[in-house]
Visitor: 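Sharing a structure here in structure tokens format.
What you are looking at is a predicted structure, and each value in this text was computed from that prediction instead of being measured.
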Amino acid sequence: RHSQRARGHEVVLLRASDEPEAAAVLRDAFAGAGGALPEAGFDWALGSALRGEHGLEARMEFVGYYMRWVFRTCAAHGLVIGVRAASGGALLAVAGLLPPGCWRA
């Protein structure tokens, strides 16, 4: 596993086996779980039935599915990095990176 310590946390290159945990972190961040502000683009994309329904199970399920796709796309065509807590190793943050020119629709 590739990693680097920074400010007491470990920055790691995530693998396919990290997908469920990484997708959950991304889902919670983008869907607005735990009082976080949701990504407003999902209100537009999901339409009036789920607009503003940030805690609704159907919205969380959709955003979770989308974040699994994001993880897989970035892992296949770029890379996915995460930040793990120094104590316990819980995944705190995730970033998917796609270098220019690596994606072809």
Visitor: Measure across L91 and V25 and return the closest heavy-atom pair with its distance rounded to 0.1 Å.
Guide: O-CG2, 3.6 Å
Visitor: How close do G64 and A23 get, heavy atom to heavy atom, and via which atoms?
Guide: O-CB, 4.5 Å
Visitor: Hey, would you say the F30 and Y66 ring centroids sit under 6.0 Å apart?
Guide: no
Visitor: Could you list the residues that satisfy salt bridge (Lys or Arg N to Asp or Glu O under 4.0 Å) with E21, not counting sequence neighbours?
Guide: R84
Visitor: On a heavy-atom basis, which atom in H9 and which in A86 lie closest, and how many Å separate them?
Guide: ND1-N, 3.6 Å
Visitor: Might you point out which heavy atoms bring P99 and G78 nearest each other, and give the distance in Å?
Guide: CD-CA, 3.9 Å
Visitor: I need the minimum non-hydrogen distance between D18 and F71, along with the two atoms involved.
Guide: C-CZ, 4.3 Å
Visitor: Mind checking whether F42 and L56 sit in one hydrophobic cluster, side chains of I, L, V, M, F, W, Y counted as touching below 4.5 Å?
Guide: yes
Visitor: Count I, L, V, M, F, W, Y as connected when their side-chain heavy atoms are under 4.5 Å apart, and connections chain through other members. Are W44 and L50 then in the same cluster?
Guide: no
Visitor: By the definition side-chain contact (heavy atoms from CB on, under 4.5 Å), identify the one residue from V83, V80, V70, I81 that meets it with V94.
Guide: V80
Visitor: Looking at CG of L46 and CZ of R51, how far apart are the two atoms once the value is rounded to the nearest 0.5 Å?
Guide: 9.0 Å
Visitor: Where is the tightest heavy-atom contact between G82 and L14, given as atom of each residue plus distance?
Guide: N-CG, 3.8 Å
